[in-house]
Amino acid sequence: MTDSAPSHQSPLLRLLSERGYIHQLTDAVGLDALAQRQVVPGYIGFDATAPSLHVGSLVQIMLLRRLQQSGHKPIVVMGGGTTKVGDPSGKDESRKMLSAEGIRANIAALRPVFERLLTFGDGPTDAVMVDNDTWLGQLGYVDLLREVGPHFTINRMLTFDSVKLRLDREQPLTFLEFNYMILQAYDFRELALRHGCRLQLGGSDQWGNIVNGIELTRRKEGIELFGVTTPLLTTADGAKMGKSVSGAVWLNEDALPSYDFWQYWRNVDDRDVARFLRLFTDVPLDEIARIETLEGAEINVAKILLANEVTALVRGHSAAEAAAATGTATFAQGGIGGELPIIAVPAGGIGLIDALLEAGFAASRGEAKRLIAGGGARLDGAAVNDDAHWISAPAHNVRLSAGKKKHAVLRAAS
C-alpha cells in the first residue's frame, strides 16, 4: 500500500512521512503499532560493486539514520554474497564479476561513510554491520533449492519489474541474476532469525524483493515482517539522482574531491532544494518550510546551506568548511579557492581543449569545441572563443572555467 494517510502514531513513521521517504508500506498499521511497542531492527542491503557508493544510495543511508534517530536499530547488510550474483533491478545489462578479494576490499572502503552517518556499538539502538556472505556462502545449492525453491513460482518471478525490464528490452538476463531475488528473500529470513530484524527498507525497485522475503519468512517461520520503500528519486528535470555532467557523484573522498561533492549540491535545481533538505539533512522541518518561501537570489543561501549540511554529514565538518570557503572565493569574490581541481601545465603549455578535457569539463573534443564556440570556456573570467588557443605555462595560478559553475586551477608543473 502507498502512504496515503499521514496519521501515523509512531515517531518512526511520522518522521519518515514528514520528510518524504515513504512510497509504499506493506502494512502501515502493523508497523506503526510495532514501532510503538518495541525497538524495531531494520535493514538495508548494499552490494559492494565499487569502493564507493554514489549519491543515489545516500537516501537509503539516510533512511537508516532516521530509523536510529527515532529510537530503532539500523542493520547495514553488506552484500558480500549477493554481490557475487548481481541485482538485476534497474539494470540493462549484467554486472562485471568481482573476485572475493575485490568484494572484501570494497566493503572495507564503504564502511567509513556509514560510520559518519550512523552510531555503531552494542546498545539496543546502535547500528551493526553484517555481511550476507556469512550465511549465503555456506549454502548448498541443492539444499537451497529444496528449502526455498518451493515457495517461488517462475510465473510470479517473471512479473517483477527487475525481470520484465530486461525481457521487454530484449536484454540478456542470466540465470545467475534470476536467482538474486531468492537470495534477498533468504537474507530477510536469516536476519529475522539471527538479529530479530522485522523491517526491510529500500528503493521502490526493491518492492518485489521485499515482499518475497516477507512471504518466505511468514511461511517458513511464522514471523511477521514489514517493508517500506522510498519514491524513485529523480531531480526536478527528470534526471536520475546521483549523476552529474562529469559522471557519478561518489560519496567517498578518494573517488570525488569534497569541493566537487559540495558543488553538486550547491548547483541543484531551485525546485529541489527544500525536498533535498528534508531527505539529506537534519535541518528542522520548520526551517525548511521557511526556505520554501524564498525567491530569486535568496534561494542561493538555501543552496549553500544544503551543500554545507550534506557535505558535513558525508565528508565531515572540516571538509564542508574548506569546500564552502572555496565556493565563496570562487563564486562571490571571483578568486581561486584552495579546493578546486588543479591542472598541471607542462613547460611547453597545453591546448585549451586538452585543459577542458583534463578538468573533466567536457567528455570529448567535440563537446569541448562546442563549449568554446558557445562562449562557455573562460580563463580568469574572460571568454576564449578560439578552440586552437594555446595556454603557456602560467607564472601564477589561472582560473579555468566552464560556464559559471565549474572551475579548475591551471598551475605550472613543478
#### Entry: Results of salt bridge (Lys or Arg N to Asp or Glu O under 4.0 Å) for D131 - residues two or more places apart only
none

### Message
Whether the side chain of T229 engages the backbone of G203 through a donor-acceptor N/O pair (distance < 3.5 Å, no angle test) should be reported.
### Response
no

Run the side-chain donor-acceptor check on residues 354-365: report pairs under 3.5 Å with partners two or more places apart or on a different chain.
residue : atom : partner : partner atom : Å
D354    : OD1  : R365    : NH1          : 2.8
S364    : OG   : E367    : N            : 3.1

### Short side-chain donor-acceptor distance under 3.5 Å, N308 and W265
no

### Summary
All heavy atoms of A109 vs all of P112, minimum pair found to be O-CD, 3.3 Å

## Note on the structure
Exactly one of L64, I44, V128, L117 clears side-chain contact (heavy atoms from CB on, under 4.5 Å) with V76, and that residue is L64

### Query
Are any of the side-chain heavy atoms of R198 and L34 separated by less than 4.5 Å?
yes

### Query
Under 6.0 Å between the ring centres of F261 and W250?
no

### Query
Is there a donor in the side chain of T49 and an acceptor in the side chain of D47, or the other way round, less than 3.5 Å apart?
no

### Query
Are M241 and L232 close enough that some pair of their side-chain heavy atoms sits under 4.5 Å apart?
no

#### Entry: Min side-chain heavy-atom separation V228-H23 under 4.5 Å
no

### Message
For T235 and D272, which I'm curious about, is there any donor-acceptor pair between the side chains at under 3.5 Å?
### Response
no

### Task
Could you check whether the rings of Y259 and W262 sit parallel, tilted or perpendicular, using 30° and 60° as the cut-offs?
parallel

### Task
Could you point out which residue of L233, V314, L251 forms a side-chain contact (heavy atoms from CB on, under 4.5 Å) with V55?
L251

### Query
Are side-chain N/O atoms of Q206 and N209 paired as donor and acceptor at under 3.5 Å?
yes

### Task
Give a yes or no on this: more than 12 heavy atoms of other residues, nucleotides or ligands lie within 6.0 Å of atom NE2 of H389.
yes

### Side-chain heavy-atom pair V130, M78 within 4.5 angstrom cut-off
no

### Message
Pair D282, Q69 - check side chain to side chain donor-acceptor pair (under 3.5 Å), show working.
### Response
CA-CA 10 Å; D282 291 335; Q69 287 175 334; 3.1 Å; yes

#### Entry: Sidechain-backbone polar pair: N212 side chain, A185 backbone, donor-acceptor under 3.5 Å
no

### Message
A side-chain contact here means heavy atoms from C-beta on lying under 4.5 Å apart; do L31 and L199 qualify?
### Response
yes

### Query
N267 versus K303: any side-chain heavy-atom pair under 4.5 Å?
no

### Distance-minimising heavy-atom pair for L201 and I210
C-CD1, 4.3 Å

### Query
Of all heavy-atom pairs between R66 and L279, which one has the smallest distance, and what is that distance?
NH2-O, 3.7 Å

### From CA spacing to verdict: side chain to side chain donor-acceptor pair (under 3.5 Å), Q24, S204
CA-CA 8 Å; Q24 291 174 297; S204 57; over 6 Å; no

### Side-chain heavy-atom pair F188, L225 within 4.5 angstrom cut-off
yes

### Message
What I want to find out is whether R14 reaches D32 closely enough, with some N-O distance under 4.0 Å, to be called a salt bridge.
### Response
no

### Message
Less than 4.0 angstrom from a charged side-chain N to a carboxylate O is my criterion; do R278 and E292 meet it?
### Response
yes

### Pairing of R271 and D237 as salt bridge, 4.0 angstrom limit
no

### Query
Taking all atoms of both residues into account, what is the closest heavy-atom pair of V273 and A302, and its distance?
CG1-CB, 3.8 Å

### Task
Would you please indicate if the ring centroids of F114 and F120 are separated by under 6.0 Å?
no

